[in-house]
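Okay, so here's the structure we're looking at.
First listed ligand is number 1; within each ligand, the first listed atom is number 1.
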Amino acid sequence: MNLSDIGILVERKFRDSKKKSNKRKAASEPQNEEATAKKIKMPDLKTTITIEDATEEERNNFEDHKKSLPIFAVKQKLIKRMKEENRLVVIGETGSGKTTQIPQYIYNDILNGKGKIAITQPRRVAAISVAERVALEMNTPIGNEVGYCVRFEESFSPATKILYMTDGMLMRHATLNRLLTQYSYIIIDEAHERTVHTDVLLSIIKKAQKERQKRHIEDLKIIIMSATMDVGKLSEYFDKCPILYIEGRLHPISIKFTEDKIDDYLFACLTTVMQIHSKAPPQHDVLVFLTGQDEIENFVRSLRQMGKNCKTDIDLTVLPMYAALPFALQKRVFEDTPKNTRKVIVATNIAETSITISGIKYVVDSGMVKAKLHKPSSGLDILTVVRISQSQAWQRSGRAGRQSAGTCYRVYDKNTFDLMPANSIPEILRCNIASVTLQLLSLGIKNTLTFDFVDKPSEESLNSAVDQLSWLQAIEKDKGNELHLTEIGKRMAAFPLDPRLGRVLLAAEKNGCLEEILTVVSMLSADSVMLISADQREKAEAVRRKFQSVEGDHITLLNVYKSYKGSKKNKVWCKENFINHRNMKIVIQIRKQLRKICIDQNMTIKSCGEDRSLVRKSLVHGLFMNAAQLHSDGLYSTIMDRKMVNIHPSSVLFRSKPGYVIYSELVQTNKCYIRDLSLIDPQWLFEISPEFVSKRLIRQ
Ligand code: CDP
Ligand code: MG
């Protein structure tokens, strides 16, 4: 359904949740939905991001603000425990002050500026915004005492004592210094999210701590922070370390479910927001949880349109929030709005725990999230929309009661909620772990089957990662059956990329087309640059036809990039060609970083000129496991596991249907689609990986 087509609103019926849950599953789950924690009024603080923006008054206000946070009540106790214990788990409500205050407590009251503190975040955005915030609170420019370091972007110096970083980045630091001796404290934040990197880091720091003790190197102190209660396993993993609970504050939140089962959650969310908007007073802001960038952008557009047509006097300010959104636009969600307006923020699960937006009175929860699922049999990750867990649902509801009583509209029925899993499954049990396996090997871990994981992936999944890396010639087994990185593997590990794409870069150097491949890989690493325009689809397609290549989508992406560069990275050019300017800028950033790594590795960066077959051939070096063969019925079968797939309609090869293709992505919706394709010569498959291909490809 096209959301902008919705004319009339349907009155959506909700019912109150009566049944109390008998177990607290998350810190933000109200014990009794109508009577929760103490009411403490928050200071009326404007969230300011850069130090220049803060007035003198606001700077003084930070002291009051810090004292008003729930964590302040337990500051001295917390400091005492952090001094005494080498390992500690801290649980606290989102917004209680864990991420911003604990590093400052350690810096000021424990280390007195002497040691260095690393704090990891699962998301780049959170790492940057929180670092900026703490720098502001400490009245120092970002990059001095307080810094950040995320993939493709950093701001720190030798003076940096508090370093916010992504968990993936700390893992990279560990490959250079296994004992992480540069840090006195390592804080793993948002541990409840259990990303692959968080999980692996937990193992790495556990090992580093033991090793440092053994070698009498300065103790490494570890703090694990979580917003949910299910941390028993983490404490258990760290030899039953103590768990501290910071009592949070939540105002009463009333929870409402829909009466009926919902088929179209987007439509239901849209009508729910409009229903709130037609009744609630201004400044009662709304937070909507959806799943991803495209969906959010479409939703925002429809909602803005509907806001204009709506009869109320209150203005509607609709803002998107997702990880790939450029920082300058993300900042807008924190800004105050004029008096007679209502702010509606449409976010991914990023707003569940890692960022805090004040003024939210209503939460509209779609109950959905985009998650990666892995099929070890095919070695593939599939990005798909799935139901959230109950623990996530409670986190989302909690966002409505931070400053005063609020309401959470769950746009699903009670029965659906009851069927949701209690907690989310850790990512490591769901994803392709080839990349992690490569990093573990570069950390000197020789057998991933015996590695001390918090939750061990299945043997099938571990073996499949090893197989994939062997096919890519990244690893080999020695006589004692131990795994080693090959020269190729070592070079691949230097790139913060899926090993398949790392392999493509190495092949491109040999083929003399690294310039082109750097572009293609950067385009694939960012979100799509093709604007999806619901109302001007045909026009967009017609304008973009000039970029299309019969060789496939990868070469088409290359053409887009070249024209964009030719336009001098012009914004108007992007608009005219239905190209997403924001994402293009991200592509440029990624490319710069990857190019730098290539130069650091002494790689020769050449261009192949007009012979694009070299580009496609280089892609096959990494993506030969993602080859598919055409069948007489027009469907393709993957050569990996003979799965029947369709070419995605967005592909330039959708109509021409060549005999053999490679693809970058497999997406499962109602059908199974392959996306981002290149036409290939099957002979290349035999040349590049004869062992892999000969068993699988049916010669025609
Ligand atoms: O980590 P936790 O969720 O416990 O809280 P936090 O991130 O330390 O945030 C504590 C408070 O700092 C929030 O309630 C916000 O008022 C404020 N804050 C902010 O204004 N801007 C940020 N970027 C981060 C926090
Ligand atoms: Mg936090």
Grab the two heavy atoms, one from [X] and one from [Y], that are nearest each other, plus how far apart they are.
X      : Y      : result
Phe334 : Lys343 : C-NZ, 4.1 Å
Asp199 : Arg194 : OD1-NE, 2.7 Å
Pro338 : Gln283 : O-NE2, 3.0 Å

If you measure every N or O of [X] against every N or O of ligand 1, does any of those distances drop under 3.5 Å?
X      : result
Arg133 : yes
Thr100 : yes
Thr99  : yes
Ser96  : yes

Report yes or no: do Ser404 and Lys361 form a side-chain donor-acceptor pair below 3.5 Å? yes

Any luck finding a side-chain donor-acceptor pair between Thr175 and Gln439 under 3.5 Å? no

Short list, please: which atoms of ligand 1 are under 4.0 Å from a heavy atom of [X]?
X      : value
Thr94  : 3 (O)
Ser129 : 23 (N)
Glu93  : 4 (O)

Relative to ligand 1, is [X] under 4.0 angstrom through side chain, backbone, both or neither, heavy atoms considered?
X      : answer
Met225 : neither
Lys98  : both
Leu69  : side chain

Do other residues, nucleotides or ligands put more than 12 heavy atoms under 6.0 Å from Leu329 CG? yes

Neighbour count above 12 (heavy atom, 6.0 Å) for Arg332 CZ: no

Check each of Pro70, Gly95, Gly92 against atom 2 (P) of ligand 1 and report the one with the nearest heavy atom. Gly95

Check Thr198, Thr228, Thr353 against His192 for a side-chain hydrogen bond (donor to acceptor under 3.5 Å, both in side chains) and give me the one that passes. Thr353

Answer yes or no as to whether an N/O/S atom of Thr99 is found below 2.8 Å from the Mg ion (ligand 2). yes

Kindly indicate, with the supporting measurements, whether the criterion side chain to side chain contact (heavy atoms under 4.5 Å, CB included) is fulfilled by Arg396 and Ile388. CA-CA 10 Å; Arg396 291 179 176 193; Ile388 55 171; 3.5 Å; yes

Out of curiosity, is Arg402 lining ligand 1, as in a heavy atom under 4.0 Å away? yes

